[in-house]
There are 2 protein chains.
Amino acid sequence: MNITKAPSSTPDLVAAVSSDLTPTERLIAEAVLAEPTLLAFGTVSDLAGRVGTSRPTIVRFANKLGFDGYTKLQRHVRSEMSHLITRPSERIRHNAEKMRPAKAAISSAIETVFSALEGNRLAALSDLIVKARNVWILSGETSRAGAHAFLSKLSMVRPGVRLLEEHSMGTELGNAGPGDVAVVFDFYRYRRQVVNAAGILADAGVEVIAITDNPLSPLVELTDNWCEIEVPAIGPFDSSVPAVAIAELLVSQVARDLQEEATARIDRIEALWETSEVFL
Amino acid sequence: MNITKAPSSTPDLVAAVSSDLTPTERLIAEAVLAEPTLLAFGTVSDLAGRVGTSRPTIVRFANKLGFDGYTKLQRHVRSEMSHLITRPSERIRHNAEKMRPAKAAISSAIETVFSALEGNRLAALSDLIVKARNVWILSGETSRAGAHAFLSKLSMVRPGVRLLEEHSMGTELGNAGPGDVAVVFDFYRYRRQVVNAAGILADAGVEVIAITDNPLSPLVELTDNWCEIEVPAIGPFDSSVPAVAIAELLVSQVARDLQEEATARIDRIEALWETSEVFL
DNA sequence: GCCATAATGTAACGTAATGAACATTACTAA
DNA sequence: TTAGTAATGTTCATTACGTTACATTATGGC
């Protein structure tokens, strides 16, 4: 059960009442969230001008937030801001120490993703995917999130994309052949089943694209089209972040290359979603 | 040789003219240096009252600092203060305002992930997950990769983790109740089904943790435990990278908190994999 | 199609803001 | 001492701020 505690920060303040906000008040909320100094420094007229509404509406907004007039609201925000200013070190960087290694690790991994796609690399890989009859996706455990992202996004851009799950590998492998492309994600502690399947596909004349973490990876023997990216450890597990990142970059290039066809496809899917009221 | 550049910070400003200050003006200087918010928030009257002088003296002080009236001085101080309080991530966001290369977009988004977990935020969320009887995971489309990563990794750390898929939501929702926690990922173009399900869970007494992209998200109404992260666009699609990142950081903290239990679990699973020769 | 109600805008009022002109005090030098 | 100048205080005009009361427009139920 939620005890109704007094919210302090501006986002919390707004969030607490975000449910029953009138349209114009919602605009005000967005404005003050986007520009935190508006409330602290701005006058009622400033805010009204920015949002494109009248001054009383601003005052009513302050009332709805639980303050007796705009002045009270501003006083509160200013006092919050004072606390932030007087103690920047403690307040902002409290737990930063603990998380800094993770942050550095992720940033570095993201760097390797971009270097792996440097030059004409991204274009070359995208070209293979664009020209392929079918695209088969294989992945190990830590790369599964990347494979899923790749599947769901590439499927919106072109047809014939299939994710090979462990249980269905046997039956589906037979459908692959020359003219197809296999995108294989696998990282250290390479999965026997993934590597085997990739080998079978390569033998069957399928062009293999390997996303892996080491030039010595068994996947590299299968193809010239491979990317080496770094997989950092986040806590006890290997991170899927770089795999997802490279998957998304690949898809975005493919979408660029397919331009008309891709946009047409996306539009169709969007329309379907729209009519089936998937969104709020 | 010092080129006479415009001094920026308040102390610099005061120091630049500290040589020829009248006694009263010196008092003013001391006051504003001691309390930085005085200039930013206070009126001429406030300051005069605090220092024990008259209002014109304050105005003359502003003039001596090189400003055309107190208002101009205050405007300058406020803009300085704005720069101080805006986070680095936001600064990146504004700098790369025009067109955002994918790399900058991803970096900025990763920044927001860490900001969202600053202070005791990460610990608090982890605590909820550690103490929960069951953990239910819900997600929309662009956050699916994050949800999957969360599921697969959290499952290795503790039991009772379930991903609510769209088709099975109806039947599974009934099993949730007080003592449980729901981790909900959903971003703009919020999915009707996800929001509805989250609402049902909240009503059933389930503690909701919301990972979303806006304080005005419908998920925020349901809980005090929410994180705002940025979702950049990579090509035509929204990126799953930040969702995956925050999922992994959460799991890593949970694993830290569960220490022995978690390592025991992980060891068991590893052993299973080992004997079934999953790896090469 | 109409009425009740919520949402928003307009007008007006009292207060307090800044800055400038003017007055007074303190200090220094001849 | 006294004249002159710098420092400070007083008064006032103008502006703009926040707020309330009232009018108008949109919205939703019947």
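Below, chains carry the letters A, B, ... as their sequence lines are ordered, and counting in each starts from 1. Reckoned from all heavy atoms, side chains included, excluding hydrogens, waters and symmetry mates. Model, not experiment: these values are computed from the prediction.
- In this structure the side chain of B/Phe41 reaches within 4.5 angstrom of the side chain of A/Ser82, judged on heavy atoms.
- No side-chain donor-acceptor contact under 3.5 Å links A/Lys153 and A/Ser252.
- Distance B/Glu25 CD to D/dG9 P: 11 Å, rounded to the nearest Å.
- In this model, no donor atom of one side chain and acceptor atom of the other lie less than 3.5 Å apart for B/Asn214 and B/Tyr190.
- With hydrogens and angles left out, the side-chain atoms of A/Ser155 and A/Ser152 include no donor and acceptor closer than 3.5 Å.
- Every residue two or more places apart in sequence or in another chain that forms a side chain to side chain contact (heavy atoms under 4.5 Å, CB included) with A/Thr43 is listed here: A/Ser45, A/Asp46.
- With rounding to whole Å, B/Leu27 atom CG is found 10 Å from D/dG9 atom P.
- Here chain B contacts DNA chain C (any atom closer than 4.0 Å to a heavy atom, that is under 4.0 Å), and the contacts span C/dA17 to C/dA20 from 5' to 3'.
- With sequence neighbours excluded, no residue satisfies side-chain hydrogen bond (donor to acceptor under 3.5 Å, both in side chains) with B/Gln74.
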Review item, nucleotides 17-20 of chain D N/O atoms under 3.5 Å of protein N/O:
{"unit_1": "D/dC17", "atom_1": "OP2", "unit_2": "A/Ser45", "atom_2": "OG", "d": "3.0"}
{"unit_1": "D/dG18", "atom_1": "OP1", "unit_2": "A/Val44", "atom_2": "N", "d": "3.4"}
{"unit_1": "D/dG18", "atom_1": "OP2", "unit_2": "A/Val44", "atom_2": "N", "d": "2.6"}
{"unit_1": "D/dG18", "atom_1": "O3'", "unit_2": "A/Thr71", "atom_2": "OG1", "d": "3.1"}
{"unit_1": "D/dT19", "atom_1": "OP1", "unit_2": "A/Tyr70", "atom_2": "N", "d": "3.4"}
{"unit_1": "D/dT19", "atom_1": "OP1", "unit_2": "A/Thr71", "atom_2": "OG1", "d": "3.3"}
{"unit_1": "D/dT19", "atom_1": "OP2", "unit_2": "A/Tyr70", "atom_2": "N", "d": "2.9"}

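- Summarising the geometry, the separation between CZ on B/Phe61 and C1' on D/dA6 is reported as 18 Å, rounded to the nearest angstrom.
- Look at CD1 on B/Ile28: it is 13 Å from P on D/dA7, rounded to the nearest Å.
- For B/Ala198, the side chain to side chain contact (heavy atoms under 4.5 Å, CB included) partners at least two apart in sequence or on another chain are B/Val184, B/Leu219, B/Leu222.
- Pairs engaging residues 48-63 of chain B under the salt bridge (Lys or Arg N to Asp or Glu O under 4.0 Å) rule: B/Glu35-B/Arg50 [sequence neighbours left out].
- Residue A/Thr24 is classed as a sugar-phosphate contact, given heavy-atom separations below 4.0 Å to backbone atoms only.
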